[in-house]
Structure formats: C-alpha cells, structure tokens
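Some notes on the structure that comes next.
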2 protein chains.
Amino acid sequence: MFKPTTIKDIAKELGFSISTVSRALRDGYEISEETKKIVMDYAQKINYKPNPIALSLKERRTYSIGVIVCEVANNFFSQAINGVESIAYDKGYHVIISQSHDSFEREVINVKHLANRSVDGLLISMAAETTDYAHILEMHNKGLPIVFFDRVIDEINTHKVTANNFQGSFDVTELLIKNGVKKIAHLGNAPHLSITKERMSGYKAALEKHGIAFNEEYVQYCHHGGRKYDEVEEAVKQLVTGRDKPEAIFVSSDRLSVGCLSAIKKFNPLSKDILIAGFSNSDVVELFDPSLTCVRQPAFEMGRLATDLLIQLIESKYPVTEFQSKTLNTKLYLNNKTLSM
Amino acid sequence: MFKPTTIKDIAKELGFSISTVSRALRDGYEISEETKKIVMDYAQKINYKPNPIALSLKERRTYSIGVIVCEVANNFFSQAINGVESIAYDKGYHVIISQSHDSFEREVINVKHLANRSVDGLLISMAAETTDYAHILEMHNKGLPIVFFDRVIDEINTHKVTANNFQGSFDVTELLIKNGVKKIAHLGNAPHLSITKERMSGYKAALEKHGIAFNEEYVQYCHHGGRKYDEVEEAVKQLVTGRDKPEAIFVSSDRLSVGCLSAIKKFNPLSKDILIAGFSNSDVVELFDPSLTCVRQPAFEMGRLATDLLIQLIESKYPVTEFQSKTLNTKLYLNNKTLSM
DNA sequence: TTGAAAGCGCTAACAT
DNA sequence: ATGTTAGCGCTTTCAA
C-alpha cells in the first residue's frame, strides 16, 4: 500500500545505474541528451516524484518553516498566516502551523518539536503565559533561524516584525480625546507581553500630551489574553462599576476587543454610554453593535515580511549578525457616527 | 551551525557501537541494565533527540497528517482545526495545515505536495471550485489514507464526517416559518458542494412540509463561497431588489452569512425588515447588527472525529474496507427578540 | 551482551 | 558519458 516509485525502480526498468538516473533527472551536464530524454520521459510517464524525506536527510534541511501563534482562530493571526504562506509557497517552503493556546507549556513543546529538525526556521509570536525564554534561547543558540513577529522579546537578538503599537494606541487614544472623551480606561493583554507594554505607552503618551492624568484604576489586564471569557467579563466589570465610570475603554488586543464588546453588552444592554475602541483585525467590524472603533494591524504584510526575513536567514551562506526590527504602521477605522477624525 | 548530536556521536563518546546505543535508547531487551543506564543518562544529559527525518526514511512514515481547508480565517475551520490538533497531538502526530483558498489549482498542488510522502494521511474539506476529483482519486488509489470532513464527495469511498446539514437547514427554515415568515430566500455556496446541496434539501423540505412553494427566484449561489465580497453583494442585491422581496434570507455557509449581513446593512442601513438566518460558527454572533439567527456546527467535535478516523486508517494493519459516514447534529441559536422557538 | 553491516532514497565525489 | 561507492541518521538482521 502506497509504495511510490524510487529512482532505483527507474534505473532497473531502464537499465541505467541509479546515479545516471539521478543526474539525468536533475539535468546534470554530464549526461547525454538522449539518456536524459529517455529518463525524463519515463519519469514523467510514471509521475515520479523524489522522496522529500530522503532529500531532507541528505541535505540536512526540510524546506519547511514553523509558525507558532497562540491560535489560528484569531483574525490577526489567520491573516498573518496568509501572508506567511504567500511568501513561503513562492520560495518552495512548507508552512507548519502550531498553536500555543497562550500556554507556556504548549509553547515549549511546540518549539522543541518543530526545532528538532522538522523545520529549517521558526516564526514565533510569544504565548501570553511565557515569561521564561530558555526554550527559545536554547534553539537560537544552537543556530536555529528565528524571526519574531507581533509579540517579540528583547532577550534574543534576531529579526523582529511588529506593528507600530505605540503609534496605533496613541492615535486611537488621541482620537477619543479630540472627540471630547477624557475618561479613557485601558484593558490590556498579559502585562509582560511586548504588545501590551508598547500599547500602554502609546495610551499614556496621548493622555499626557493632552494633559490628562493617568489613572491606575482605569487599567485592567487579562492574563489569558481574552481566551477565557470570564476573565474579560470580570475585568470589564471592574472598570464599569468603579467609583468613576469611564466614558470609553481602549482595548489593546484583538481577541480582547470583541470580548469587551460582549461584556459591555451584557452589563449595559441598552445604554451605549461607553465607547469601545481597540485593536482588531476583524473583517466584520462594521457589523458590531456596540460599535468598535478600531486599530488595524497590517497582518498580512507582517506575515510576508517576517517570512521573507526568515528565509533570508535560512538561506544565508554566512552567519547573520545584523538584525532588523521592522515596524509597520497601523490604521484607524471609525465605526461610530459620534466620532470624527 | 545547528548541528545536533547523533547516535554516532554518542557511540563515539561512550565507546559503544552505534547499534548498542540505538538499542539502549529504545530499551532493547538484549542490552545490559548497566549499559542502558550509561547511555540513557548521557542522552538525557546532552538532551539527545533522534532525527525524525531519518526515522521517517526508515519507517516510511512521517507521523504527520495533512489538513486541507479553504482557509483558516474562518470560524468553522479554525475550530475544526483545534479539534484535529487535540487528537493529533495526543497520538503523536504533527498537523500540517494547507489552505486551498477555494481554488482548484491550489488544492491540486496542496494535495500532491502533502501526499508526496510529507504526510501519512489527509484530512480534507473540498475547495469550492473543485469539480474534478482526479487528484484525490489518484492518491486514494495509491493507498493514501484520506478522511473527508464538511465538504465531502460521493466519488470516493472512505470515512466522512459531516454536520447534519439537512437537519440544520430544515430546523432554521422551519423556525422562520413558524414565526410567520413565508418568503424565505436562500443564499448558497457553490452549487456542486455537498454542503450546498444538503442544505438546499433541508430548506426545500421545510418549505414543502409547511406547504410553501419553492421559488427559484429566491435562490442565489456564490461560487466563491463568500471569499469575494462583490459576489455576495451582487447576490444579495438580486434577492432584495427582485419583484417579490423576501422577508428573510437563509444563508447556507459560514463566511457567506457575515457577508450577507454586510450587504444587507449596505442596502438597508436603517430598516430591518429582512431577517437573516444562516450557518455560522462565529463566536461573536451576539454582537452582530443586523442580528444573525444561526445554525452552528460542532466544528471542534468534527475535527476530533475525523482525525480519530484518519489515525485509525493510518495505523490499521489491514486494508480497511468498511467506511463510516458520521453525521453530527447542529445547534440553533436565536439572536433576535422577534423570533421564538 | 555487543558489534558489523545492510538498507531506507537520494546525491555527489570518485572511478572508468 | 556512465557506473561505483560512500554517506546523511537510524533500525535491524546477522555474526560473534
């Protein structure tokens, strides 16, 4: 069952040696046109395909790249993966996707599994739970090409691709302020994540620019990044039932934004006195009620870029020592008639 | 760079032969406890991991399974993939995800690529464009284990896992009828897809049961499955600007349902005189405006089940000749105060 | 109990 | 121009 033809079979069938067949197939210069034609035609006829496993063993590479994200059921990541694929396919690489589900343990398993010669390089957006980077560091030190995207870490020196999280946060916060909103709460992902910190900075900077004091009580974090709805609901509850109810909530992550909308809807089914703004790559934002003013990341482009850099690392003849940190601009989308630019 | 330890290195280091090391590591019965301990401890210490490529070449299997879906940026599929993963990981298989983007050409490439010894078996939901099944048939005939899920085809005899599309359609159509809605249009995916046909049947059966004539003018298909928004918009336009405007539209696919909501919102921003009901696995349906009454498929469970069946096929010692077609029930969710069960 | 050697499919020196 | 051989990392006869 499922016993594919090998080069040996062809050699036997055609009466050539294995190496002649091999060379003919790769169009080697030493082989006569005549022989080439015979071999090629026959290979064509029986639809011969070389065994990629054998090739991998020989060449010590797999022509596949691993992608580790928290989950694919997330607009930002599925779009980013489409970007990854678009480049990878063109350059002849497979894409192996693994989900960490924001779990440290799962991330470690995935990294080890993929890095253990299943892939030639790794594209990773860190899990929300991860604070110990030993597993990544180990692979990096062994020479495995790694490119970070979205959720990056300072501890490792390699290419990094992120959205301009600071500016995106700044812009949306300022937009709210310019529309007369002063009491802006902030709902963030796990606090140690790079995206959380960067987005927090942008938010604070906008407040500061406009002379609004930063209020610690207006800040809530969701350590599971919105993957546990209860956590989001509890955080939103804290915000809306606090002493000084905010006029708006800025939500700093994709999954969290819709979670926040659901929670708000639950607490406040009728009144729409709290504006929600946040990072989201949903392609149906215009359908949401309550409406979501959103910051959109160039996910597809980020995936492309990160993959391009990764493949450069993989294919580089010499050890790469100069690394790039690319930052791509976000875009703001109003979905609410009460707001204007 | 990135040169991992091999069994040979261990043998040299410890002064044993390669085969002794190999056997010690696999806990072979012929090896003395003492030698085993030495080898195991050392392997542990240097964190030795066997090269999976070499194992694959030897065992003629890869311990990975391929999944081909139209896209991961789709609630149903990303949930199904989570189900696939949950089983695959437990049984020690990698999951390689490929997207067809509903393109026939892409599907053919993906199938050939994966089937060509990159995976031990294939899980597939057919692309909307595909009407020629030669590429699948070829692999099936070569003995590659294949399990279909969601979008299945009759032409190949193997395990199949689907939602009860007929019943789901029937239920939601009947719900509308029982709520006094008689003029129900139907917006479907590509007409040759199994899901499209089954859902159409359920719709027709409900109409018939309640003595409502089937009206050809109330039917529109989207050959690209909602992946091209213009197509959806045009179809919806046809429906709502026809001679006899429907009171409701039943949309028979996940991606199409939100597309339809967008289109309706565009044509009818204020009046909400057209109810939309349809298949959707969105986890934020309660946020949609206009509201979407939806049929939800047990995506995760379908993924689990399909994977379980696939792994059974892969690991079966004997050729399997008895195949199962599993059908799982859908669930109806009202998100509209004007409707009741 | 351990080692030598063949073989999985392929490529690439090294012969001829 | 073509064939022989070794080797990629591992398992597994077969010999010792």
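Quick note on labels: first sequence line is chain A, next is B, and so on, each numbered from 1.
- Proximity note for B:Pro50 (side chain, C-beta onward) versus D:dC10, C:dG3, C:dG9: the nearest is D:dC10.
- Below 30°, between 30° and 60°, or above 60°: for B:Tyr93 and B:Tyr63 the angle between ring planes is between 30° and 60°, a tilted geometry.
- Contact annotation: A:Lys8 reaches the phosphate of C:dC8 (side-chain N/O to OP1 or OP2, under 4.0 Å).
- The nearest whole Å value for the distance from the CG atom in B:Asp27 to the C1' atom in D:dT11 is 15 Å.
- Looking at the side chain of A:Leu55, the nearest of the listed nucleotides C:dT11, C:dG3, C:dT1 is C:dT11.
- Base engagement by B:Ile18 is indicated by at least one non-hydrogen atom pair under 4.0 Å involving a base atom.
- Looking only at atom types and distance, the side chain of A:Ser17 has a donor-acceptor partner in the side chain of A:Thr20 under 3.5 Å away.
- Evaluated for a side chain to side chain donor-acceptor pair (under 3.5 Å) with B:Glu107, the options B:Lys112, B:Gln99, B:His101, B:His135 yield exactly one hit, B:His135.
- One atom, CZ of A:Arg60, and another, C1' of C:dC10, lie 14 Å apart when rounded to the nearest Å.
- In this structure, the side chain of B:Glu129 does not engage the main chain of B:Ser103 through any donor-acceptor pair within 3.5 Å.
- Here C:dC10 presents its C1' atom at 16 Å from CZ of A:Arg61, a figure rounded to the nearest Å.
- Mapping A:Leu25 and A:Glu30 onto DNA chain C via the closest heavy atom, the residue that lands nearer the 5' end is A:Leu25.
- For B:Tyr29 and D:dT12, the shortest distance from a side-chain N or O to OP1 or OP2 is not below 4.0 Å.
- Phosphate contact (OP1/OP2 of C:dG3, side-chain N/O of B:Ser17, threshold under 4.0 Å): present.
- Residue contacts for B:Ser56: at a heavy-atom cut-off of 4.0 Å it reaches no nucleic acid atom on any strand shown.
- Rounded to an integer number of Å, the gap from A:Ile53 CD1 to D:dC8 P is 18 Å.
- Counted by atom type alone, A:Lys49 and A:Asn47 present one or more donor-acceptor pairs between their side chains at under 3.5 Å.
- When the side-chain nitrogen and oxygen atoms of B:Thr35 are compared with OP1 and OP2 of C:dT1, none of them lie within a distance under 4.0 Å.
- The side chain of A:Ser19 contributes no N or O atom lying less than 4.0 Å from OP1 or OP2 of C:dT11.
- For A:Lys36 and D:dT2, the NZ to P distance is 10 Å, given to the nearest whole Å.
- Using a 4.0 Å heavy-atom criterion, one finds that A:Arg23 contacts the bases of the nucleic acid, with or without backbone contacts as well.
- Heavy atoms of B:Leu57 sit under 4.0 angstrom from at least one base atom.
- Side chain of B:Ile31, nearest nucleotide from D:dT2, C:dT2, D:dG9: C:dT2.
- When distances run from any side-chain atom of B:Ser22 to the nucleotides D:dT12, C:dT11, D:dG3, the shortest one goes to D:dT12.
- Judged by the 6.0 Å distance and 45° axis criteria, A:Arg106 is positioned over the aromatic ring of B:Tyr89.
- Distance, A:Arg26 CZ to C:dG9 P: 17 Å, rounded to whole Å.
- Taking only side-chain nitrogens and oxygens, A:Tyr48 comes nearer than 4.0 Å to OP1 or OP2 of C:dC10.
- Computed from coordinates, the B:Lys37 NZ to C:dT1 C1' distance equals 19 Å when rounded to whole Å.
- Checking D:dT2, C:dC8, C:dT2 against every side-chain atom of B:Lys58, the shortest atom distance belongs to C:dC8.
- Following rounding to the nearest Å, A:Ile7 (CD1) and D:dC8 (P) show an atom-to-atom distance of 19 Å.
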